[in-house]
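Before any comments, here is the structure.
First the proteins, then the strands, lettered A, B, ... as listed; each starts at 1. Since we're looking at a predicted model, the values are computed, not measured.
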There are 2 protein chains.
Amino acid sequence: MIVTVVGVGLIGGSMAIALKEHGIAKKVIGVDASKNHLNEAKQLGLIDESGTLSYAIKKSDLIVVAIPVDAATKVIPRILDRVTTQVVMDVGSTKRQILEAIADHPKRSRFVGSHPMWGTEYSGPKAAQKGAFKGKVTVISDRDKSDSDAIEMVENIYRAFEMKIVYMDATDHDLHTAYISHISHITSFALANTVLEKEKEKNAIFDLASAGFESTVRLAKSNPTMWLQIFMQNRENILDVLKEHISQLKKFETYIKKGDEKELKHLMEQANKIRKILK
Amino acid sequence: MIVTVVGVGLIGGSMAIALKEHGIAKKVIGVDASKNHLNEAKQLGLIDESGTLSYAIKKSDLIVVAIPVDAATKVIPRILDRVTTQVVMDVGSTKRQILEAIADHPKRSRFVGSHPMWGTEYSGPKAAQKGAFKGKVTVISDRDKSDSDAIEMVENIYRAFEMKIVYMDATDHDLHTAYISHISHITSFALANTVLEKEKEKNAIFDLASAGFESTVRLAKSNPTMWLQIFMQNRENILDVLKEHISQLKKFETYIKKGDEKELKHLMEQANKIRKILK
């Protein structure tokens, strides 16, 4: 089939690679607000051609929307306006606002909301990776609101990518990702700012930065535009987790200040329980 | 030469492997408060024999102290009491209190304070790794207080391990590691507790936990006893960074609450500057 990828960046580009690799897309058409990104995507072989949104929709069997979530919320209704039998899917990190924006659209059932749980701290076409999604989890939201042929197409794609499909309504998705993904980004951004603020001796950071520092701070390199839109769309859940996180940090502060070794050790033993969940 | 490793865990065990691998130690004697760990270390081939501290000191050319920093502060003076021409080195994550504890010891100059910047979230002999230190940074503290033959022995060991040696006095070391290492552990422990507190649906964590979550929360699996002692020994520096970190998180909270996209984006763009420092 012919696939349009709207947004030829990290995720869109990686989707294009995987769709070709698994023989799902014969041709990929790229649509992007950035001419530079389109040129890069062509040079990297991510897409075969580029074109306007309406040209691309007409030519395609599937349209994959891989742009920041605020933009997606605006663009998806416009895509559905032009759709006949095509399938439209998104890959955004929030689901509630996107699905609400099209709740009453006459072509709602041609849309499948999804969120493949993969990403890196890099962005743009050059950040796209081969084999990105293999073995990862993907969420499909509000499955019952989509036509069965549309769901089937999206499921077959994710299965071909060897992803584990989890079904979750948009509200649950946004709640869980606040804990599992969004808060990690905030702590990482804040940790980078902490270190940059306090540690004027850049050489000391450079010399001493260990693997532990690198892993907790890595996400601070992430794209501000993309994450701004996620934070805005998932505001309430994120504020709730952030409040809890600040209160957990204050417990550490209090017990370190007091020198309360017993309580401090207890906090860490509690935290160790994350072992049961992570490998 | 014959080397004693006091504390045959993650770091001591990895040191034993490297000392043998590079032909520096002909024999490694293990000393540990835990009989189980000594047996494990023997079975894993990390050590050749075990014995009491005084037996091991007598037999050895070098004594490597690789136990939690509070214990090290107590044990190192006792080791120096028994030393004649041997060299004693430590590998602890804090330096000031350890060096203060032996400042007036008649054998002070036989001691070299060091901190190889490597570790994982695991502990015990089974966590020891081959090639652990290669390419990493190691700090040698207060070099001028050690005999030149002692410094030379320790430098040669770290050079054989292909580590980059950085010289830093104990006070600077403890300040910088508070930013570069200790705070990352606190945020990770606190993040794990946040998620465990709020996210009762363990299956959702398990299903959705992405690479980003795993990397920010990985350190929460770290050993509470070891980190308790580091937090206590580096209390003032850590409280200073922690205060700054909480205030940085509150900025995110405020701007997300207000929906102030401009300031929020600015915070993330600032954080992106960590790119210049990390690869």
* Structure fact -> Highest number of heavy-atom pairs under 4.5 Å with chain B among Gln229(A), Lys136(A), Lys257(A) belongs to Lys257(A)
* Among the options His173(B), Lys250(B), Lys273(B), His185(B), pick out the one with the most heavy-atom pairs lying under 4.5 Å from chain A. => Lys250(B)
* Option that, when pairs with chain A are counted at under 4.5 Å, heavy atom only, ranks first among Arg218(B), His115(B), Glu236(B) -> Arg218(B)
* To do: Could you tell me which non-hydrogen atom of Ile256(A) sits nearest to which non-hydrogen atom of Ile238(B), and how far apart they are?
  => CD1-CG2, 4.0 Å
* Contacting moiety of Thr187(A), where chain B heavy atoms sit under 4.5 Å -> both
* Asked: Is Ile246(A) close to Glu253(B) at the side-chain level, that is, under 4.5 Å between some pair of heavy atoms?
  -> yes
* Asked: So which heavy atom on Ala271(B) is nearest to which on Ala192(A), and how close?
  -> O-CB, 3.8 Å
* **Winner by heavy-atom pair count (cut-off under 4.5 Å) against chain B, out of Phe231(A), Trp227(A), Tyr179(A)** => Tyr179(A)
* **Flag side-chain contact, heavy atom, 4.5 Å: Ser184(A) against Val217(B)** => no
* Looking only at heavy atoms, which two atoms of Met232(A) and Tyr255(B) are closest? And how far apart? -> CE-O, 4.4 Å
* To do: Would you give the length of the straight line joining atom CD1 of Ile274(B) to atom CZ of Phe189(A), rounded to the nearest 0.5 angstrom?
  => 12.0 Å
* Structure fact -> Bottom line for Lys258(B): the part with an atom under 4.5 Å from chain A's heavy atoms is backbone
* To do: Calculate, to the nearest 0.5 Å, the distance between atoms OG1 and CD belonging to Thr225(B) and Glu261(A) respectively.
  => 10.5 Å
* Picking from Leu239(B), Leu267(B), Thr120(B), Asp240(B), which has the most non-hydrogen pairs under 4.5 angstrom with chain A? -> Leu239(B)
* **Under 4.5 Å from any heavy atom of chain B - which part of Glu197(A)** => side chain
* About how many Å separate CD of Glu121(A) and CG of Asn272(B), when rounded to the nearest 0.5 Å? -> 10.5 Å
* Asked: Heavy-atom distance under 4.5 Å to chain A: side chain of Val166(B), backbone, both or neither?
  -> side chain
* Is there a side-chain contact between Asn193(A) and Lys251(B), using heavy atoms and a 4.5 Å cut-off? -> no
* By a 4.5 Å heavy-atom criterion (distance strictly below it), what part of Ser247(A) contacts chain B: side chain, backbone, both, or neither? -> neither
* Structure fact -> What one should report as the nearest heavy-atom pair of Lys265(A) and Pro224(B) is CG-CB, 4.0 Å
* **Among Glu244(B), Lys243(B), His245(B), the one residue meeting side-chain hydrogen bond (donor to acceptor under 3.5 Å, both in side chains) with Thr194(A)** => His245(B)
* Nearest non-hydrogen partners of Phe213(B) and Ile180(A), listed with the distance -> CB-O, 2.9 Å
* To do: Output the option from Val139(A), Ile186(A), Leu191(A) having the highest count of non-hydrogen pairs under 4.5 Å with chain B.
  => Leu191(A)
* **Separation of Met268(A) CE from Ser188(B) OG (nearest 0.5 Å)** => 12.5 Å
* Taking all atoms of both residues into account, what is the closest heavy-atom pair of Leu249(B) and Ala190(A), and its distance? -> CD2-CB, 3.6 Å
